[in-house]
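Everything below concerns the one structure shown next.
We name chains A, B, ... by the order of the sequence lines, and we start the count at 1 in each one. Computation of the quantities below employed the complete heavy-atom set of this structure, encompassing side-chain atoms and omitting hydrogens, waters and symmetry-equivalent molecules.
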Amino acid sequence: MAALRKVLVRPELGAVTAAIGVFVFFAIVAGSRGFLTTQGTVNYLEVGAEHGILAVSVALLMIAGEFDLSIGSMIGAAGMIIAIPVTKFGWPPWLAILVAFAFSLVVGYLNGWLVVRTRLPSFIITLASLYLLRGFTFGLTIALLNYTRASGMGAFLSGDPLVAIFSGAPLGLKISIWWWAGLTLVLGWVLFRTPYGNWIFAAGGDALAARNVGVPVARVKISLFMLTAATATLLATIQVIDTGSTDVLRGELAELEAIAAAVIGGNLLTGGYGSVLGATVGALILGMVQQGIFYTNIDTNWYKAVLGAMLLAAVLLNNYLRYQALRSR
Amino acid sequence: MAIIELKDVTKSFGRVNALRGISIKIDAGEVHCLLGDNGAGKSTLIKILSGVHKPTQGQYEFDGKPVELSSPREALDMGIATVFQDLAMLPLMSITRNFFLGREPKKALGPVEVFDSGKASKITNEELNKIGIEIRDPDQAVGTLSGGERQAVAIARAVYFGARVLILDEPTSALGVKEAAVVLKYIVQAKTKGIGVIFITHNVHHAWAVGDTFTVLNRGSSYGTFKKAELTREKLLQMMAGGEELEELAVELDLIAKRDPSEVGKLEHRVAEELDRETHPKQ
């Protein structure tokens, strides 16, 4: 009984249940049309990875009580920071990739620093960076290339030392899936097994109480803003190398889908509660739904309606489960 | 010798004096009650004692040496632990994680240090058993505990981490009678361990039950510090309510109760005059 209750109060319980439900649904409805094939599985894992790489870091930031709406724009910006210097100025790809990561860490630091210093909601601060980053990406790309797209990366990639870890498909699974799994393991471990993880919970649970017992709340929050910006750049890097091109609009709305995945995974919007594994399961659900619809007769344009309904259901379910967690004793 | 001594401490926020010329001493193994009405300066004094604020003037001495605390963490490291009202615990985090928040036990895992959750759970269980709290599972959320239990866990945590001075901010104010009694018991337990306890409250009965020394604050100043032997509960109550003001008020209330028309008439006249003086000071 005690063991059962322990399972019941896990934040990812709702998401895991939902994931099984979604899988069973598509297995029945679209199983004969290819959802259950290896290719079908690889496909939805790949889509899940696109959400998951962002969602795992967004989950940590949310547990710490903050949002980052700028990661979608960060994807667009990072893609151009890599693609333009390589294709137009002949930089080696590894250098452009390092510059993109450095840039994202600076942006993340500034986001975090502003939030901590001004005590304004991170929603507002990062909404500003959302527009700033996208605007600069747009303006500078047009100024430099005269197009909103940068392509032709493919010719420069072979033999580059950094490109290898952001491309390919070891054991038949795309590199993004491996990054997603790796990040889930590492960040999940950090959250539950290190003092820093404890501080993340505390920073979002009650920043003042945490500060009073000596938790460096500002440092925790700023570092997590840097993490979300860096994972956005990671995703941008993988995409640019994979497709050989990028667009100024790359990553639009990715920030909201990452938040959706994290919330479906049981992460509390107001902080202090949640899990990395939950966010990963949430991302997996998004991937399965997005790809699953493709295998059914349903028009894929319905995906967003399904996503909205799932989000609402998830919030209600998680709310109920959290109430149970606090009641059980 | 006193563990903490404040000498003639003043704290101003801009032009507002929250505290004026406060001197206070906390000895080992005593419960020092800090009383006062709302707005008397209790919170400001706690924040100075716990390192949140620095005094504008005056001296903070620890073990006889002047110190300048720059954060609650620094105070904590010196053994000054504060249990803030309502802020003692994070309800959605487990008891164990709360217990060790900010001072997590670590074990080496290869090159990195990780949170030793096994050890943390074991110690939490032991420490809570010592003070008589039975929990089924130290991994359950603190939100499942009652208010009194939360305060108790916070006190147990401070004691476990070797607090020499324990500052309790209104630990009983949000509690029912039974729960308050439990918390008062822990206060006495901490005292017998040689800890100096600063017990902030506006409940004279709670203070009287456990206190050895009493300091009463009124509008940022101190009425002085008294040993229990020098006081009665009534005297303490009187001081808290502002001394003579209360006596006068009692007489006035009596008059109103008796409905002596002439006296009430005079009284009303006086109150009106006084109000007028306060609202138009220069007339």
**Study point:** Per-residue contact mode, S117(B) against chain A (heavy atom under 4.5 angstrom)
**Key:** side chain
Check your understanding: Quick check: are there more than 12 heavy atoms from other residues, nucleotides or ligands sitting under 6.0 Å from CZ of R73(B)?
Key -> yes
Check your understanding: So how far is it from R193(A) CZ to E104(B) CD, rounded to the nearest 0.5 Å?
Key -> 13.0 Å
Check your understanding: Is K47(B) atom NZ crowded by more than 12 heavy atoms from other residues, nucleotides or ligands, each under 6.0 Å away?
Key -> no
Review point. Just how far is it from atom CG of N198(A) to atom CZ of F115(B), taken to the nearest 0.5 Å?
Key: 5.0 Å
Check your understanding: Is it the side chain or the backbone of L76(B) that comes within 4.5 Å of chain A heavy atoms, both, or neither?
Key -> side chain
Review point. Hey, does L101(B) have a side-chain heavy atom less than 4.5 Å from the side chain of F201(A)?
Key: no
Review point. By a 4.5 Å heavy-atom criterion (distance strictly below it), what part of Y196(A) contacts chain B: side chain, backbone, both, or neither?
Key: neither
